[in-house]
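Ligands are counted one by one from 1 in listed order, and the atoms in each one are counted from 1 as well. Sequential numbering from 1 along the given sequence is applied to the chain's residues.
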Amino acid sequence: ATLHIKVDPVHPERKAIEEAALILRRGGLVAFPTETVYGLGANALDGRAVARIFEAKGRPSDNPIIVHVAVREQVSELTGSFPAAAKLLMDAFWPGPLTLVLPVAKKVPGEVTAGLSTVAVRMPDHPVALALIRTAGVPVAAPSANISGRPSPTSAEHVMHDLNGRIEAVLDGGPAGVGVESTVLDLTAQAPVVLRPGGITPEDLREVLGKVDVDPAAAAGFNKDDKPLSPGMKYIHYAPLAPLRLVLGKPEAVASKIKELACQEKARGRKVGILTFSDSDDFARCGEVVVAGCREKPETVAAVLYSALRRFNDLGVDIIFAEGLAEHGVGLAVMNRLKKAAGGHIINV
Ligand code: TXA
Ligand code: MG
């Protein structure tokens, strides 16, 4: 069984951190809180330990993993060179939800990079994560601590639900804060390009760098070369167990379309879930309603988005209708996750 180690999120107890760090040093897997979501950590310099992450999550082996550091010096052992832009960004946003893709150094095992010539690095802004990495004395490779394809975990309970018995331990430091993953920024391309929107917005990045591109697939939520309605798992991420339909358009039109579709499904005897960001719409007669934050404040939606998606699993719904929100600020990351959860099933009204 997996050790459940409670820890104070602000002043983590030494004993708890040392126990978890020892597991990492011995090649084991430890889940830990970060300011974005819970990560599933292994010693990044131990290829065999990193390989166990893929096994525990059921993660496709061609998907590389982010390496977490506690101090800047650790970046130098992971990457050969260090563009000036990287230093500016570290000064501005580290520790924090920004992952930088940089040229990889030879000593980083291929399991981490999936054989690429680059490595993704970030310094998380969480006392427990920082204490764990510092005490282990090694950089820590960590994807989100969920079964591959499912919503990322924002609590130790989510981690245990997915991975109990498959990993050595989870450090339980309470709920994660931001709620969606870090922004992944590639600094090895011609111009800096956002590969995954996240906690740091393109607007934030432009204030430091000037020009920053957003990968079109990241903005769309899926690769337009893939067939949007294909059942293939390739771009189905963050998905609840029931199919999710994302309804987009003007708020009033969206609300009435959701009511129409939800009532139709209900009449056919199906249990319907409705994901909304406003408690004013009267959806309750058509299905199980989950209100996830407030539409005008995207950071409140980000904070509870994944637990809302997991809530629909607990409710055992057959289908979910979700509204969207404006792609401003962290709203861009929220919409990216919702589009992926919908697997391309978007209804425009
Ligand atoms: O907030 C986060 O980033 C969380 C916490 C635990 O730090 N981690 C996380 O990891 O979300 P994961 O594995 O779920 O997502 C990592 C993302 C993937 O989209 C992966 O393809 C990308 O980073 N990535 C990793 N290494 C890369 C590389 N060398 N080049 C391009 N993309 C890379
Ligand atoms: Mg993930």
Looking only at protein heavy atoms, identify the closest one to [atom] and say how far it is in Å.
atom                    : result
atom 14 (O) of ligand 1 : Ser144 OG, 3.1 Å
atom 25 (C) of ligand 1 : Pro64 O, 3.4 Å
atom 6 (C) of ligand 1  : Gly39 CA, 3.5 Å
atom 15 (O) of ligand 1 : Arg196 NH1, 3.0 Å
atom 3 (O) of ligand 1  : Ser182 OG, 2.5 Å
atom 32 (N) of ligand 1 : Leu195 CD1, 3.9 Å

Quick one: look at Asn63 and ligand 1, take heavy-atom pairs under 4.0 Å, and tell me if it's side chain, backbone, both or neither. side chain

Can you tell which part of Thr118 has a heavy atom less than 4.0 Å from ligand 1: side chain, backbone, both or neither? both

Is there a nitrogen or oxygen of [X] sitting under 3.5 Å from a nitrogen or oxygen of ligand 1?
X     : value
Arg59 : yes
Thr99 : no
Lys57 : no
Tyr38 : no
Thr34 : no

Of all the atoms in ligand 1, which lie at a distance below 4.0 Å from a heavy atom belonging to [X]?
X      : result
Thr36  : 1 (O), 2 (C), 4 (C), 5 (C)
His68  : 5 (C), 6 (C), 7 (O)
Val101 : 30 (N), 31 (C)
Ala120 : 25 (C), 26 (N), 27 (C), 29 (N)
Val184 : 23 (O)

Do [X] and [Y] have a side chain donor and acceptor closer than 3.5 Å?
X      : Y      : value
Thr276 : Glu323 : yes
Ser182 : Arg196 : yes
Ser152 : Arg337 : no
Arg122 : Thr36  : yes

Which residues and atoms, counting only protein N, O or S, are under 2.8 Å from the Mg ion (ligand 2)? Ser144 OG

Taking the hydrophobic residues Ile, Leu, Val, Met, Phe, Trp and Tyr, and joining any pair whose side-chain heavy atoms are under 4.5 Å apart, which ones share a cluster with Leu241? none

Determine, stepwise, if the pair Glu157 / Tyr38 fulfils side-chain hydrogen bond (donor to acceptor under 3.5 Å, both in side chains). CA-CA 10 Å; Glu157 287 70 34; Tyr38 272 68; over 6 Å; no

Heavy-atom nearest option to atom 8 (N) of ligand 1, drawn from Ala114, Ala142, Ala31: Ala142

4.5 Å side-chain heavy-atom contact, Val301 and Leu325: yes

Would you say Glu55 and Arg166 make side-chain contact, with heavy atoms under 4.5 Å? no

Has Ile66 got any heavy atom lying under 4.0 angstrom from an atom of ligand 1? yes

